[in-house]
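Counting starts at 1 for both ligands and their atoms, following the listed order. Everything numeric in this text was worked out from a predicted model, so none of it was measured.
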Amino acid sequence: MVGRRDFLKGLSATALVSAAGATGLLARPAQKASLGQRPLSSGGRVHEWTLVAKERPARLLGPSGPLTPVWTYSDPVMPVMRVRLGDTIRARLDNRLAEHTSIHWHGIRVPNAMDGVPYLTQPPVLSGNVFTYEVTPPDPGTFFIHPHCNESGQTGRGMTGVLIVEGDERRQPDADLVLAYKDWRLGKDGAWLDMETPEGASRAGTFGTVRSVNGAGSATGAVVPNGDIRLRVLNLDNTRIIEVGIDGADAFVIAIDGNAVEPFALDTWRMGPAMRVDILVRAPKAGRGFRVVDYFGSETWTLATYEAAGTALPARPFEPDLLYASNLPRADLQKAERMGFTFSAASGSITEAAARLDPDDPLAKILLDGLCVRDNTFWAINKASWPAGQHRELPPPLGLLKAGQSYVFELSNATPHPHPIHLHGHTFEVLSATRLKRPRHFADTVLLQPKERIEIAFVAQAGNWMFHCHVLEHLEYGMMGYLRVV
Ligand SMILES: [Cu+2]
C-alpha cells in the first residue's frame with residue numbers, strides 16, 4: 001500500500017489552494033448551502049463525572065511490556081468521553097496527585113471561570129482537593145481536556161482525555177473512530193525520561209521516544225466495505241507535528257478543530273500539538289484496506305490500519321457532506337480592530353542567540369548545554385515572556401479588548417520553529433496565511449510556520465483568556481500570555 005502521497009509530501013499541506021494564493025486573503029467558502037443549518041440541540045442531560053487525577057500503572061510499551069506510572073483522569077489511559085450538544089457536564093476533579101492541577105476544556109467556549117487556568121481563572125486545585133467544573137458545550141465537535149499547570153510534566157505523563165460533543169451529523173456515518181496521537185518519553189524499562197531538556201525547550205521541544213495512538217502502539221480494526229468512516233484525529237502530543245494522510249482510500253476533511261468545513265479532498269493535513277481534524281473516508285471493497293499515515297518526518301509512521309471485511313454496503317457516489325454547517329460568531333471585518341503579536345525568542349539572553357540559529361547548527365547545542373532550564377525563559381510574545389517559576393505572579397495582559405468587539409490579530413513568527421498558537425475561550429476564523437496553504441476555516445489553534453504571518457478574526461468574549469503556543473515546553477518557558485476582555 002504505497003501511496004502517491006510520499007511523492008506529493010512537501011509540495012503543499014492541503015489540496016485546497018485558494019485562488020488568491022498563499023499571500024492573499026483566503027477565499028471565503030461559499031455560504032454552506034450544501035451543509036445546511038443545524039437544528040436546535042436535543043440534549044439536556046446532565047453528566048455527573050468524577051475524574052480522579054492520580055498515578056496508575058499502565059503498559060505503554062504493549063501488553064507484555066513493563067508497567068509505567070502514568071498520571072491520568074481514569075483507569076483507561078486517554079479516555080474518550082461523549083456527550084450530546086445541549087448536555088451539561090458536571091465534572092468533579094479529585095486531585096490525588098502530589099502537586100496542584102486543573103482541567104482546561106480545550107476548544108470549548110466555556111464561561112471564563114470554568115476555563116481551568118490556575119491563578120488566572122481559578123485557584124489551583126491543590127493536592128487532596130476537589131473542584132467541580134460545570135460546562136455546557138455550545139458547539140459540537142472533537143475536543144479534549146488537559147491540565148494547565150506543569151503541562152509538559154502532567155500531560156506528558158498522560159493527563160488528557162478526548163471529549164466528543166455529538167450533534168453535528170446530518171446522517172450517521174457507518175463508523176465513528178477516534179485516533180488520539182501522543183508520544184511517551186520512556187526508557188526501555190518503562191520508566192519516565194526527563195520531560196524537559198534545555199535543548200528541547202529552547203528549540204522544537206523535547207520529543208517522546210515511543211509513538212502511540214489511543215495510548216499504546218498503532219490502531220487496527222475492521223470496517224464495513226464501502227462504508228463511510230468518520231475519523232477523529234487529535235494531536236495530543238507535547239511537541240510533535242504530524243501530517244496526516246490516508247493511503248488506500250478516498251478521504252475528505254470535514255471538520256477542523258471540531259468545526260465543520262465545506263468538505264475538501266484530503267491530501268495531507270499538518271497538525272501541531274492540540275490540533276484536531278475530522279476526516280470522512282470511503283472504505284474500500286471487501287478484502288482491501290486503508291491506512292492513516294503521518295507523512296511529516298523523514299520516515300512515515302502508521303497511526304492506524306483498517307481492513308474492509310464483512311457484508312459490503314452497495315457501491316454509491318461518495319458524498320462527503322456528513323455534517324451541518326458550524327454556527328459560530330463571525331467577526332465584522334469592516335469594523336474589526338487590528339492587533340499584532342510577534343512570537344519570538346526571549347530577548348537579551350544567550351538563549352536568544354541559540355534559538356535564532358538553525359536547529360541543526362552545532363553552535364546552538366554548545367550555547368545551550370551550559371544552561372539551567374528551570375531559571376530561564378526561552379520564548380516571548382511581543383517581547384514579553386511569561387515569568388519563570390510557579391506562575392503565581394501574573395504578568396500584565398498582552399492586550400486589553402472590549403467584549404463584543406470584532407478583532408483581527410496578525411500573528412508573526414520570528415523564529416525558525418513552528419508554533420501552534422491557541423486562544424482560549426474563542427473559536428477564531430483563519431483569514432490568511434503567508435506560507436502554509438489552507439482554506440479559510442474556524443479553529444482554536446493554528447500552526448504558525450517559521451517566518452509565517454497569519455491573520456485570525458474573532459468576536460471577543462468577556463474574561464481573562466490565555467493566548468499561547470501549544471508546544472508545551474514553549475508555553476512553560478515563556479511563549480504564553482493572556483488577553484483581558486472587559
Ligand atoms: Cu511554540
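His100 is not listed as a side-chain neighbour of Pro147, based on a closest heavy-atom distance of 4.5 Å or more.
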Test log, rule side chain to side chain contact (heavy atoms under 4.5 Å, CB included), inputs Tyr295 and Trp301: CA-CA 7 Å; Tyr295 292 100; Trp301 193 77; over 6 Å; no

Ring pair (Phe, Tyr, Trp, His ring centres under 6.0 Å) between His148 and His106: does it pass, once the steps are laid out? CA-CA 10 Å; His148 223 283; His106 187 109; 8.9 Å; no

Step by step, work out the salt bridge (Lys or Arg N to Asp or Glu O under 4.0 Å) result for Asp194 and Arg185. CA-CA 7 Å; Asp194 288 344; Arg185 259 185 77 71; over 6 Å; no

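Inclusion of His474 in the first shell of the Cu ion (ligand 1) is supported: an N, O or S atom falls under 2.8 Å. Among the backbone and side-chain atoms of His417, none of the N, O or S atoms lies under 2.8 Å from the Cu ion (ligand 1).
Closest approach between the Cu ion (ligand 1) and any N/O/S atom of His419 involves ND1.
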